[in-house]
Amino acid sequence: ELFVTSLSGEYVRIYPMPVWLEIEQKLGEMPSTHPSKLRFLDRVNFFGQATELDRQGRIVIPQLLRESASMAGEVSVLGLQNHLAVWNQHRLKERLFKKEPFTVDDGKALSEFGI
């Protein structure tokens with residue numbers, strides 16, 4: 001079982017259910033009225049849905065999220081530390097190469113952690 005969601009609607013996050021349950025447990029430790037927690041929950045619940053892989057290893061992305069994340073056409077799937085990120089390929093290229101390019105300072109910051 002998986003949890004499919006987004007924070008911004010710009011791209012899709014796919015979490016294995018055990019990872020998502022850990023996130024929910026950590027959220028449960030925060031005060032119920034914490035503004036950041038409420039904003040996070042509003043967004044992940046607005047876009048989110050539990051789902052399962054079908055027999056061919058596919059999932060259905062909720063229609064609202066499919067539309068907001070422009071999931072028509074070519075997409076890119078990025079394996080992040082605890083989830084997958086699915087981007088409209090054009091939107092991802094814009095982000096990677098124009099909006100948020102990898103800089104020398106990024107390299108220096110990572111080298112401080114031995115990366």
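These figures come from a predicted structure and were not determined experimentally.
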Hphob cluster co-occupancy, Met17 + Leu27, side-chain heavy atoms under 4.5 angstrom: yes
Atom pair CD (Glu74) and NE2 (His90), whose distance is rounded to the nearest 0.5 Å: 13.0 Å
Cluster check Ile23, Val4: I/L/V/M/F/W/Y, side chain < 4.5 angstrom: no
Side-chain heavy-atom pair Thr5, Arg43 within 4.5 angstrom cut-off: no
Exercise: identify the closest heavy-atom pair between Ser70 and Arg91: OG-NH2, 3.1 Å
Note, Glu67 side chain near Gln63 side chain (heavy atom, < 4.5 Å): yes
Non-hydrogen atoms of Ala72 and Asn88 that approach each other most closely: O-ND2, 3.8 Å
Non-hydrogen side-chain atoms of Leu96 and Trp87 separated by less than 4.5 Å: no
Residue pair Phe47 / Pro62: nearest heavy atoms and the distance that separates them: O-CG, 3.8 Å
Pairwise side-chain contact, Met71 with Val86, heavy-atom cut-off 4.5 Å (strictly under): yes
Hphob cluster co-occupancy, Ile115 + Phe102, side-chain heavy atoms under 4.5 angstrom: yes
Ring geometry between Trp20 and Phe3 (parallel below 30°, tilted from 30 to 60°, perpendicular above 60°): parallel
Pair Gln89-Lys93, side chain to side chain contact (heavy atoms under 4.5 Å, CB included): steps then yes or no: CA-CA 6 Å; Gln89 198 167 75; Lys93 285 180 180 179; 4.1 Å; yes
Donor-acceptor contact present, side-chain Arg13 to main-chain His83, <3.5 Å: no
Non-hydrogen side-chain atoms of Tyr11 and Leu92 separated by less than 4.5 Å: no
Minimum heavy-atom distance between Ala50 and Glu1, given as atom pair plus value: CB-OE2, 3.9 Å
Cluster overlap Leu38 with Met30, hydrophobic side-chain contacts below 4.5 Å: no
Atom of Ser6, atom of Leu65 and distance for their closest heavy-atom approach: CB-CD1, 3.5 Å
Any side-chain heavy-atom pair of Leu84 and Leu78 under 4.5 Å: no
Leu2 versus Ile14, closest heavy-atom pair with distance: CD1-CG2, 4.1 Å
Path from Val12 to Val44 over hydrophobic side-chain contacts below 4.5 Å: no
Gln49: partners by side-chain hydrogen bond (donor to acceptor under 3.5 Å, both in side chains), with sequence neighbours left out: none
Donor-acceptor pair, side chain of Asp106 and main chain of Thr103, under 3.5 angstrom: yes
